[in-house]
Amino acid sequence: MIRPGWTVLVPVKALHRAKTRLRPSTGRDTAALALAFALDTVEAAGRARGVGTVHVVTSDPLVAAEAVGMGAAVLPDLGGGDLNLAVSRAAELLTGSDAGLGLAVLPADLPGLAPVDLDLALAAAAAHGRAFLPDAQGAGTTLLTARAGHRLRPRYGPGSAAAHQAEGAHPLGVPAPTVRADVDRWADLRALSHGSCGQRTREWLDGHPARRVGRGPPGRVAAPRAR
Ligand SMILES: Nc1nc2c(ncn2[C@@H]2O[C@H](COP(=O)(O)OP(=O)(O)OP(=O)(O)O)[C@@H](O)[C@H]2O)c(=O)[nH]1
Ligand SMILES: C=C(OP(=O)(O)O)C(=O)O
């Protein structure tokens with residue numbers, strides 16, 4: 001059942017292939033950390049008032065099982081390793097049965113995501129047929145939205161902010177730092193305060209004390225350092 005509000009797609013790469021840029025810092029635990037990031041992202045998205053339904057797009061059975069356990073829906077990854085194709089095919093599956101859906105794509109690496117920030121970004125996105133939120137550095141993209149009747153046309157990858165703007169998506173300038181703070185490298189994780197991370201990410205960090213990240217006051221998301 002699709003609840004009123006934005007239908008959120010969270011693409012999650014197969015864990016054994018995920019977060020390769022973190023491997024130098026985490027070694028074999030990268031899969032467990034990627035799972036923690038993903039589930040914390042899904043949990044926070046589900047708590048945003050403007051979100052109706054969260055769909056995890058994945059081929060990974062463990063991710064799928066955990067997502068269902070959290071009350072999220074799961075869509076198959078039909079992208080064959082291509083993120084943009086995975087997102088587009090998942091969107092087609094949803095809009096094929098309900099053309100009235102507003103869709104929002106969130107990467108699964110936002111462990112500090114605050115529902116209030118996501119609500120702020122989604123409220124701004126509602127004013128545009130298609131919109132996107134650049135990542136903290138400004139060159140990439142985290143949130144990508146398409147109102148009902150508009151196609152997402154995802155262009156994730158290097159330089160995706162410019163690519164999405166070139167495709168006619170409106171760049172959102174709202175102050176929603178936790179929606180922009182995707183974690184690709186260890187420096188990104190260190191820029192988050194321990195208290196602002198989701199529970200699963202905190203538990204992973206607590207299990208790896210040698211790698212404890214910055215200890216800003218709970219809830220503060222420091223401006224991510226340059227990557
Ligand atoms: N379902 C699905 N999700 C993907 C795919 N590629 C990337 N993602 C997700 O898209 C978001 C951004 O992915 P990347 O940052 O490019 O990949 P990553 O695994 O997070 O990190 P790296 O391996 O270091 O590039 C993350 O949430 C990934 O899980 C894909 O082919 N299929
Ligand atoms: C996928 C993207 O970036 P990253 O791989 O750094 O998460 C993006 O910004 O479009």
Side-chain angles (χ1 to χ4, degrees), residues 8-45 54-64 66-67 72-94 103-113 118 130-145 152-167 169 171-172 179-189 191 198 200-201 224-227:
V8 172
L9 295 175
V10 181
V12 185
K13 193 194 278 186
L15 294 177
H16 71 279
R17 296 195 300 115
K19 290 296 149 198
T20 55
R21 286 169 280 179
L22 275 179
R23 280 189 187 150
S25 309
T26 63
R28 61 181 173 74
D29 287 351
T30 304
L33 187 53
L35 180 61
F37 287 173
L39 298 182
D40 283 340
T41 302
V42 169
E43 194 272 336
V54 178
H55 293 261
V56 170
V57 182
T58 190
S59 62
D60 191 299
L62 175 58
V63 173
E66 293 280 353
V74 174
L75 290 171
D77 178 341
L78 303 176
D82 179 316
L83 168 57
N84 292 308
L85 189 56
V87 168
S88 297
R89 297 293 303 275
E92 287 163 10
L93 288 174
L94 288 173
L103 299 180
V105 182
L106 268 183
D109 49 9
L110 297 167
L113 181 63
L118 180 55
R130 297 170 57 247
F132 72 96
L133 192 65
D135 67 5
Q137 281 62 42
T141 301
T142 55
L143 179 69
L144 175 67
T145 63
L152 280 168
R153 298 212 289 268
R155 297 289 182 272
Y156 284 98
S160 65
H164 285 130
Q165 188 157 7
E167 282 280 342
L172 298 172
V179 191
R180 301 183 63 191
D182 63 326
V183 177
D184 292 313
R185 293 174 175 82
W186 194 247
D188 303 329
L189 188 53
R200 294 162 189 83
T201 302
R225 298 193 184 111
R227 286 187 235 184

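Throughout, residue positions are numbered sequentially from 1 according to the sequence presented. All ligand and atom numbering here is 1-based and tracks the order in the structure. The analysis underlying the following values was restricted to heavy atoms, covering all of them including side chains, and did not include hydrogens, waters or symmetry mates.
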Strictly under 4.0 Å, does any heavy atom of R21 approach an atom of ligand 2?
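The answer is yes, since R21 has a heavy atom less than 4.0 Å from ligand 2.
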
Can you sort out which atoms of ligand 1 are near [X], meaning under 4.0 Å from one of its heavy atoms?
| X | value |
| --- | --- |
| R17 | 23 (O), 31 (O) |
| V57 | 1 (N) |
| D77 | 1 (N), 2 (C), 30 (C), 32 (N) |

What about [X]: any of its N or O atoms under 3.5 Å from an N or O on ligand 1?
| X | value |
| --- | --- |
| A18 | no |
| A86 | no |
| A108 | yes |

Out of curiosity, [X] [atom1] to [Y] [atom2], how far, rounded to the nearest 0.5 Å?
| X | Y | atom1 | atom2 | answer |
| --- | --- | --- | --- | --- |
| L93 | S88 | CG | OG | 11.0 Å |
| L75 | T58 | CG | OG1 | 10.5 Å |
| R153 | E167 | CZ | CD | 5.0 Å |

Which protein heavy atom lies closest to [atom], and at what distance to 0.1 Å?
| atom | result |
| --- | --- |
| atom 29 (O) of ligand 1 | K13 N, 2.9 Å |
| atom 11 (C) of ligand 1 | P107 CB, 4.0 Å |
| atom 19 (O) of ligand 1 | K19 N, 2.9 Å |
| atom 9 (C) of ligand 1 | P11 O, 3.5 Å |
| atom 16 (O) of ligand 1 | R21 NH2, 3.9 Å |

Quick one: does ligand 1 sit under 4.0 Å from the side chain of T20, the backbone, both or neither, non-hydrogen atoms only?
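For T20, the contact with ligand 1 is made by both the backbone and the side chain.
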
Side chain or backbone of D184 under 4.0 Å from ligand 1, or both, or neither, by non-hydrogen atoms?
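Side chain only; the backbone of D184 stays clear of ligand 1.
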
Can you find a non-hydrogen atom of G81 under 4.0 Å from ligand 1?
yes

Within less than 4.0 angstrom of ligand 1, does R185 place any heavy atom?
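The answer is no, since R185 has no heavy atom less than 4.0 Å from ligand 1.
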
Check: [Y] and [X] side chains under 4.5 Å, non-hydrogen atoms:
| X | Y | result |
| --- | --- | --- |
| L143 | T145 | yes |
| V12 | D60 | no |
| V105 | P11 | yes |
| L103 | L94 | yes |

Looking at atom 13 (O) of ligand 1, would you say a protein heavy atom lies below 4.0 Å from it?
no

Verify side chain to side chain contact (heavy atoms under 4.5 Å, CB included) between F37 and L22, making sure each step is shown before the conclusion.
CA-CA 12 Å; F37 287 173; L22 275 179; 3.8 Å; yes

Would you call the rings of F132 and H164 parallel, tilted or perpendicular, taking 30° and 60° as the class edges?
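Rings of F132 and H164: tilted, as their planes differ by 30° to 60°.
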
If you measure from each non-hydrogen atom of D182 to ligand 2, which part falls under 4.0 Å: side chain, backbone, both or neither?
side chain

What about [X]: any of its N or O atoms under 3.5 Å from an N or O on ligand 2?
| X | result |
| --- | --- |
| G157 | yes |
| T141 | yes |
| D135 | no |

Name the one of T30, T26, D109 that satisfies side chain to side chain donor-acceptor pair (under 3.5 Å) with K19?
D109

For atom 8 (C) of ligand 2, tell me which residue out of P107, A108, S160 has the closest non-hydrogen atom.
S160

Of L39, V42, T41, which meets side-chain contact (heavy atoms from CB on, under 4.5 Å) against R200?
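Answer after filtering L39, V42, T41: L39.
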
When V63 is tested against each of D77, V56, V10, V57 for side-chain contact (heavy atoms from CB on, under 4.5 Å), which residue passes?
V56

Let me see the working for L144 and L152 under side chain to side chain contact (heavy atoms under 4.5 Å, CB included), right down to the final yes or no.
CA-CA 7 Å; L144 175 67; L152 280 168; 4.1 Å; yes

If only side-chain N and O atoms count, and only distance matters, is there a donor-acceptor pair under 3.5 Å linking T142 with D135?
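No donor-acceptor contact under 3.5 Å links the two side chains.
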
Atom indices of ligand 2 within 4.0 angstrom of G140 heavy atoms, with elements
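What qualifies from ligand 2 is 9 (O).
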
